Structure formats: structure tokens, C-alpha cells
Amino acid sequence: MATRWLVLAMVLAGCAELGVVSDGTSISVGKPSNGYLMAGARLPDHGEGFTTRDVWRARDNRYGTDELIDLVVGVARRMRRQVPGVQIVVADLSGRGGGERYAFHRSHQSGRDADLLYYLRDASGQAFEPDAMHVFDAAGRARDGSGLTVDVPRTWLLIKELITAPEAPVQWIFLYEPLARRLLEHAARIGEPEALVARARKTLKQPGDSARHDDHMHVRVYCSPADQAYGCIDIGPMELLAERRAEPSQVSALMAALTAAPAPTPPSGEAAPAEPGAASAGFSSSAAAAAGVAVPASLDRLLRARADHLSLRGWR
């Protein structure tokens, strides 16, 4: 215990000197299974597109890094538009200061883990908002005889949002391997891009040293660059993080496109050629090209989904 407080005092002293704690940003320290959380953000019990249940509200494991909270809030907001009528049910994150919560989890110690429940359908096939964690078999059927099943198409949409979200790079989504295969088979069947399915395959994993996660999915984000400087430690492959960092920044492309010179005005009487997304985005991709910027194909989605929102609390 004395060692723990000594480490915390040293980290806090260094952070205070550089203004990291005092400016309200979070710090994830150590590993997910042996770490702490300082100045963590609290996820509200309810929000746009997400909610929780009494059992998790009473535990108050509602804290995470700024990046993790931004991820959950942003993904839930976008999923609400795709899946109206039911919300994402969020279970445990971390305790206020992180640290050991062995009564509930072996990890969730450093503010980078969040448990989300699957989208479900009831026995009649209607969308069902989870009331609790139900254990599912390899076919996605609840083992308790309730008639509930995993809603594979909608759960795939959630996976897709998580692994492409601009708020934070997701390292792992722990879940039951038979369910992971069903999700990936559905993605391939509906024609999702091979690169996206490959990324999902790398992200979805049934852990070998804990519960098999057949009743919920466990999302873990990578350490932020700022947190790495203060002792945040990623466990496992760094390949997905490298891939995400190599991708062009959507916000940078947006800003370049908005500040680029306008496209030439067509001669009188001639209609300007239509450009995908131009009506909703309000800028010309040719102008962006003139500025030397490759506008991402998902930029129109970025704008419509408000994924370009920047949280001052999460600003680095």
C-alpha cells in the first residue's frame, strides 16, 4: 500500500508540474489489470442513445479516461440514428480512481475498459433493450429460456462504429468466439469491405484468461499519447493502433477542404457538376483537391454524424 501511494504521489507531482491534472484532463496509469485512473471523467447514467441498469448504477463503476467516455458517448449518439427505439446498455467502466475491483473484474483498473450489452431481439423477433446480462450459446440464443437472441445485424453495426470511431482507437473487443464468427460472417455476407472485416477480426477476441464474454462485450481503448508519457501501458499487439495513426485525419481533411479556394464558377447557363456529399457538407471536393487534400469518402458521414465534435475536456 505504501508503494502504491508513493507511485501516485510521484505521478501527481510530475503531472501537476506540467499542468496535466490541474487542467482537468484524465490520466490512465499502468496496465488495465494493474493500474489507476486520475482525474477520470464520469459517464452519465443516461444519455443520447445509451443507458444503464440499477445493478451497475449502484456499483458506480462509471469512470474512464476522457477518450473512453468520448468514444461511448459518440458511438451511442450515432447508433441512435441507425437503431432507433432501443439504446445501448452500458455496464461497468472503472471506479472513480481505478485500481483493484476484483469483486467484479480482473481488469477495468485504468479507465480504458467499458462493458456494453449486445443488441437483442425477443422471442417474437422484436427489438429488445437488455434488462440484464443474459448468457448466450454459440447460435446466439439465451440459455435461460427467455427466448432472447443476439441481434446480429445491429450488433455488427455497433462493432463497426466502435472500430472506426474517431474519438479513440479501440484495441480489443472481448466477446464469445462463436458470436464473433457470426458477426464476421454477417459482415462478409452483406458486402462490407474486406479491410473492415479484417480489422474487426483482429479486434474481436475471446480472452483466454477470464470469462468467455458470452453475456456482453468488453471494449478496451489504447493508451493516448499523453497518457503513455505518464505510465499508461498497452498490453498486446500494437498493430491496430499503427494502422489507425497511419490513416489521414478526417478533421484535418475537413478543415483543409473548408479553407481551400472555391471551385471555379461554371460559364453562364451551364450547371455545375454534382459532387457526392456536397449538398450536406457545404464544400467542394475539387477545392480540397486543389489544396492537395484527399477528402475521405466518409467525410459526408462525418459531418452528418457530428463526429467532428471536439470535447474540450478530452483535448490533448
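Residues take their numbers from the sequence shown, with the count starting at 1. The shown structure was predicted, so the numbers you read here are calculated from the model rather than taken from an experiment.
With values rounded to the nearest 0.5 angstrom, Ile163 atom CD1 is found 8.5 Å from Leu240 atom CG. Taking NZ of Lys31 as the start and SG of Cys223 as the end, the distance is 11.5 Å to the nearest 0.5 Å. Put simply, CZ on Arg181 and OH on Tyr176 are 8.5 Å apart, with the number rounded to the nearest 0.5 Å. The distance from the CD atom of Glu185 to the CD1 atom of Ile190 is 13.0 Å, given to the nearest 0.5 Å. For the atom pair CG of Leu68 and CD of Glu167, the computed distance is 11.0 Å after rounding to the nearest 0.5 Å. Here Arg141 contributes atom CZ and Ser146 contributes atom OG; the two are 12.0 Å apart, rounded to the nearest 0.5 Å.
No single ILVMFWY cluster, assembled from side-chain heavy atoms under 4.5 Å apart, contains both Trp172 and Ile233. Note on Leu120: it clusters hydrophobically with Leu157, by side-chain heavy-atom contacts below 4.5 Å among ILVMFWY residues. Both Leu175 and Phe136 are part of a single hydrophobic cluster, where members link through side-chain heavy atoms under 4.5 Å apart.
Under the side-chain contact (heavy atoms from CB on, under 4.5 Å) rule, Val219 has a single partner from Leu93, Leu116, Val75, which is Leu116. Considering Arg199, Arg201, Lys160 in turn, Lys160 is the only one that fulfils the salt bridge (Lys or Arg N to Asp or Glu O under 4.0 Å) rule with Glu192. Between Thr52 and the choices Arg59, Arg62, Gln87, the side-chain contact (heavy atoms from CB on, under 4.5 Å) rule is met once, by Arg62. Under the side-chain contact (heavy atoms from CB on, under 4.5 Å) rule, His186 has a single partner from Val197, Val152, Thr155, which is Val152.
Between Val221 and Leu71, some side-chain heavy-atom pair lies under the 4.5 Å cut-off. Within the 4.5 Å cutoff, the side chain of Val90 has no heavy atoms near those of the Thr51 side chain. Side-chain contact between Met133 and Val55 is absent, with no heavy atoms from C-beta onward closer than 4.5 Å. Using a 4.5 Å cut-off on side-chain heavy atoms (C-beta onward), Phe128 and Leu148 make contact. The closest side-chain heavy-atom distance from Tyr118 to Met217 is below 4.5 Å. Residues Lys202 and Glu239 meet the side-chain proximity criterion, which asks for heavy atoms closer than 4.5 Å. Taking 4.5 Å as the limit, every side-chain heavy atom of Arg244 sits out of range of all side-chain heavy atoms of Tyr222. At a threshold of 4.5 Å between non-hydrogen side-chain atoms, the residues Trp56 and Leu117 count as touching.
At least one donor-acceptor pair under 3.5 Å links the side chain of Arg81 to the backbone N or O of Arg77. Listed for the Asp66 side chain is a donor-acceptor partner under 3.5 Å among the backbone atoms of Ser26. Here the side chain of Gln206 pairs a donor or acceptor atom with the backbone of Glu177 at under 3.5 angstrom. Under a 3.5 Å cut-off, the side chain of Ser94 and the backbone N or O of Gly111 do form a donor-acceptor pair.
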Does the pair Ile159 and Leu183 meet the rule for a side-chain contact (heavy atoms from CB on, under 4.5 Å), with working shown?
CA-CA 9 Å; Ile159 297 292; Leu183 291 165; 4.3 Å; yes
Check the pair Tyr119 / Val150 against side-chain contact (heavy atoms from CB on, under 4.5 Å), numbers first and verdict last.
CA-CA 6 Å; Tyr119 281 104; Val150 175; over 6 Å; no
In sequence, state the C-alpha distance, the side-chain angles, and the governing distance for Gln82 and Glu161, and then conclude on side chain to side chain donor-acceptor pair (under 3.5 Å).
CA-CA 11 Å; Gln82 300 181 67; Glu161 280 291 343; 2.9 Å; yes
List the steps and the verdict of side-chain contact (heavy atoms from CB on, under 4.5 Å) for Met38 and Val29.
CA-CA 8 Å; Met38 291 178 285; Val29 181; 3.2 Å; yes
For Arg220 and Asp113: C-alpha separation, side-chain torsions, deciding distance, then whether salt bridge (Lys or Arg N to Asp or Glu O under 4.0 Å) applies.
CA-CA 5 Å; Arg220 176 173 298 162; Asp113 298 274; 2.6 Å; yes
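Looking only at atom types and distance, the side chain of Asp227 has no donor-acceptor partner in the side chain of Ser28 under 3.5 Å away. Looking only at atom types and distance, the side chain of His134 has no donor-acceptor partner in the side chain of Asp215 under 3.5 Å away.
Summarising the geometry of Arg80 relative to Glu48, their closest heavy-atom pair is NH1-CG, 3.1 Å, with the distance given to 0.1 Å. Residues Gln171 and Pro237 share a closest heavy-atom pair of NE2-O, 3.3 Å. Between Trp156 and Leu196 the shortest heavy-atom distance is CZ2-CD2, 4.0 Å. Scanning all heavy atoms of the two residues, the minimum distance from Glu67 to Ser224 falls at OE2-CB, 3.6 Å. Among all heavy-atom pairs drawn from Val89 and Pro130, the shortest one is CG2-O, 3.5 Å. For Leu179 against Gly140, the heavy-atom pair with the smallest separation is CD2-CA, 3.7 Å.
Taking the six-membered ring where the residue is Trp, His218 and Phe174 present perpendicular rings, their angle passing 60° and hence far from 30°.
Other residues, nucleotides and ligands contribute over 12 non-hydrogen atoms within 6.0 Å of the CZ atom of Arg154.
Comment: Arg121 engages Asp151 in a salt bridge, judged by a side-chain N to carboxylate O separation of less than 4.0 angstrom.
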